Enquirer: 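The structure follows.
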Amino acid sequence: MPAEDGLRINIRFATAADGPRCADIFLHGRRAAFSWQPEDRFGLDDYYDCVDGEEVLVAEAGGGVVGFVSVDAGERFIHALFIDPLWRGRGIGSALLREALTLLRGSAELACASRNAAARAFYEHNGWTPVPDAGPEGDAAPLVVYRKSAL
């Protein structure tokens with residue numbers, strides 16, 4: 001599947017062998033996304049706790065895993081989406097979101113830290129809409145919930 005810049009990526013279900021790479025992407029991605037938190041708040045094992053019981057799709061490009069998305073199919077919720085920083089801006093996150101929506105076959109929701117302006121802009125650029133009254137209100141609210149229907 002070509003990404004936005006013509007890069008060839010392969011999206012597939014994760015295997016146990018993908019865990020360490022996904023954990024590394026998750027750790028470094030969270031440290032960057034939540035820069036207001038102390039770095040030692042996050043650890044490699046957080047990935048396994050976060051995706052426990054969820055479907056995980058990975059994106060491969062350049063010979064390895066460069067990102068992943070985790071989906072809670074029962075809740076119709078996209079839980080985590082992280083891309084290796086060296087591969088951002090190449091359409092990989094958008095491709096993973098599209099594949100997650102296809103997997104869910106309908107509308108889905110996700111939550112994003114309200115302070116994470118880059119992620120919020122990314123989701124809105126990809127057609128996700130903030131859900132009014134889905135959580136605490138105002139700029140100080142910790143999360144913004146987004147919704148989108150399947151393509």
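No experiment lies behind these values; they were computed from the predicted model shown. Residue indices begin at 1 and follow the sequence shown.
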Enquirer: Quick one: does Lys148's side chain have a donor or acceptor within less than 3.5 Å of a partner on Leu110's backbone?
Expert: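 No; judged by distance alone, with no hydrogens or angles, the pair does not exist.
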Enquirer: Once side chain to side chain donor-acceptor pair (under 3.5 Å) is applied, do any residues pair with Tyr123, and if so which ones, sequence neighbours excluded?
Expert: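 Applying side chain to side chain donor-acceptor pair (under 3.5 Å) to Tyr123 gives none.
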Enquirer: To check you understand the geometry: which heavy-atom pair defines the closest contact between Val144 and Ser114, and what is its length?
Expert: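 Reported closest heavy-atom pair: CG2-CB, 3.8 Å.
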Enquirer: Check the surroundings of atom CZ in Arg147: do more than 12 heavy atoms from other residues, nucleotides or ligands lie under 6.0 Å from it?
Expert: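 Open: at most 12 neighbouring heavy atoms sit under 6.0 Å from CZ of Arg147.
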Enquirer: In this structure, are over 12 heavy atoms from other groups packed under 6.0 Å from Glu124 atom CD?
Expert: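 Above 12, so yes.
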Enquirer: Please determine if Glu109 and Arg76 form a salt bridge, counting it only when a charged side-chain N lies under 4.0 Å from a carboxylate O.
Expert: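 Result for this pair is no, no salt bridge flagged.
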Enquirer: Can you tell me which residue among Leu101, Leu81, Ile78 is in a side chain to side chain contact (heavy atoms under 4.5 Å, CB included) with Leu96?
Expert: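 That would be Leu81.
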Enquirer: Any non-hydrogen side-chain atom of Val65 less than 4.5 Å from a side-chain atom of Ile25?
Expert: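 Val65 reaches Ile25 side chain to side chain.
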Enquirer: Under 4.5 Å between any side-chain heavy atoms of Glu55 and Ser70, yes or no?
Expert: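 A side-chain contact under 4.5 Å is absent here.
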Enquirer: When you measure from the side chain of Arg12 to the backbone of Ala59, do you find a donor-acceptor pair of N or O atoms at a distance under 3.5 Å?
Expert: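 Judged by distance alone, no pair lies under 3.5 Å.
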Enquirer: Check whether any side-chain heavy atom of Trp128 sits under 4.5 Å from a side-chain heavy atom of Phe122, and report yes or no.
Expert: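 With C-beta onward as the side chain, the pair stays apart.
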Enquirer: Hydrophobic clustering (ILVMFWY, side-chain heavy atoms < 4.5 Å, transitive) - are Val56 and Phe82 grouped together?
Expert: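 Same hydrophobic cluster.
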Enquirer: Can you find a heavy atom in the side chain of Glu99 that is under 4.5 Å from one in the side chain of Leu57?
Expert: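 Side-chain contact under 4.5 Å: yes.
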Enquirer: Just wondering, do Cys50 and His79 contact through their side chains at under 4.5 Å, heavy atoms?
Expert: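 SC-SC contact between His79 and Cys50 confirmed.
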Enquirer: Does the gap between the ring centers of Phe42 and Phe26 come in under 6.0 Å?
Expert: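 No.
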Enquirer: Restricting to salt bridge (Lys or Arg N to Asp or Glu O under 4.0 Å), what partner residues turn up for Glu54, sequence neighbours left out?
Expert: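 Partners of Glu54 by the salt bridge (Lys or Arg N to Asp or Glu O under 4.0 Å) criterion come out as none, since no residue qualifies.
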Enquirer: What are the two closest heavy atoms between Phe77 and Leu104, and how far apart are they?
Expert: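 The pair with the smallest heavy-atom distance is N-CD1, 4.4 Å.
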Enquirer: Which pair of heavy atoms, one from Trp87 and one from Ala61, lies closest together, and at what distance?
Expert: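 Looks like CZ3-CB, 3.8 Å.
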Enquirer: If every non-hydrogen atom of Pro20 is compared with every non-hydrogen atom of Tyr48, which pair is closest and at what distance?
Expert: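 Looks like N-OH, 3.2 Å.
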Enquirer: Under 4.5 Å between side-chain heavy atoms, hopping through other hydrophobics if needed: is there a path connecting Val71 to Ile83?
Expert: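 Yes.
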Enquirer: The criterion is side chain to side chain donor-acceptor pair (under 3.5 Å); which residues satisfy it with Asp46, sequence neighbours excluded?
Expert: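 Side chain to side chain donor-acceptor pair (under 3.5 Å) list for Asp46, sorted by chain: Arg30.
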Enquirer: Minimum heavy-atom separation for Cys112 to Arg120, with atom names?
Expert: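 For Cys112 and Arg120, the tightest heavy-atom pair comes out as SG-CG, 3.6 Å.
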Enquirer: Any heavy-atom pair between the side chains of Val58 and Val66 that's under 4.5 Å?
Expert: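 Val66 vs Val58: side chains apart.
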Enquirer: What I want to find out is whether Asp18 reaches Arg21 closely enough, with some N-O distance under 4.0 Å, to be called a salt bridge.
Expert: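 Result for this pair is no, no salt bridge flagged.
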Enquirer: Is there a side-chain contact between Val131 and Tyr146 (heavy atoms, below 4.5 Å)?
Expert: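 No, too far: nothing below the 4.5 Å cut-off.
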Enquirer: Do the side chains of Phe13 and Ile11 join up, straight or via other hydrophobic residues, at under 4.5 Å, putting them in one cluster?
Expert: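 In one cluster with Phe13: Ile11, yes.
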Enquirer: With side chains defined as the heavy atoms from C-beta onward, is the minimum distance between Ile92 and Phe68 less than 4.5 Å?
Expert: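 Ile92 vs Phe68: side chains apart.
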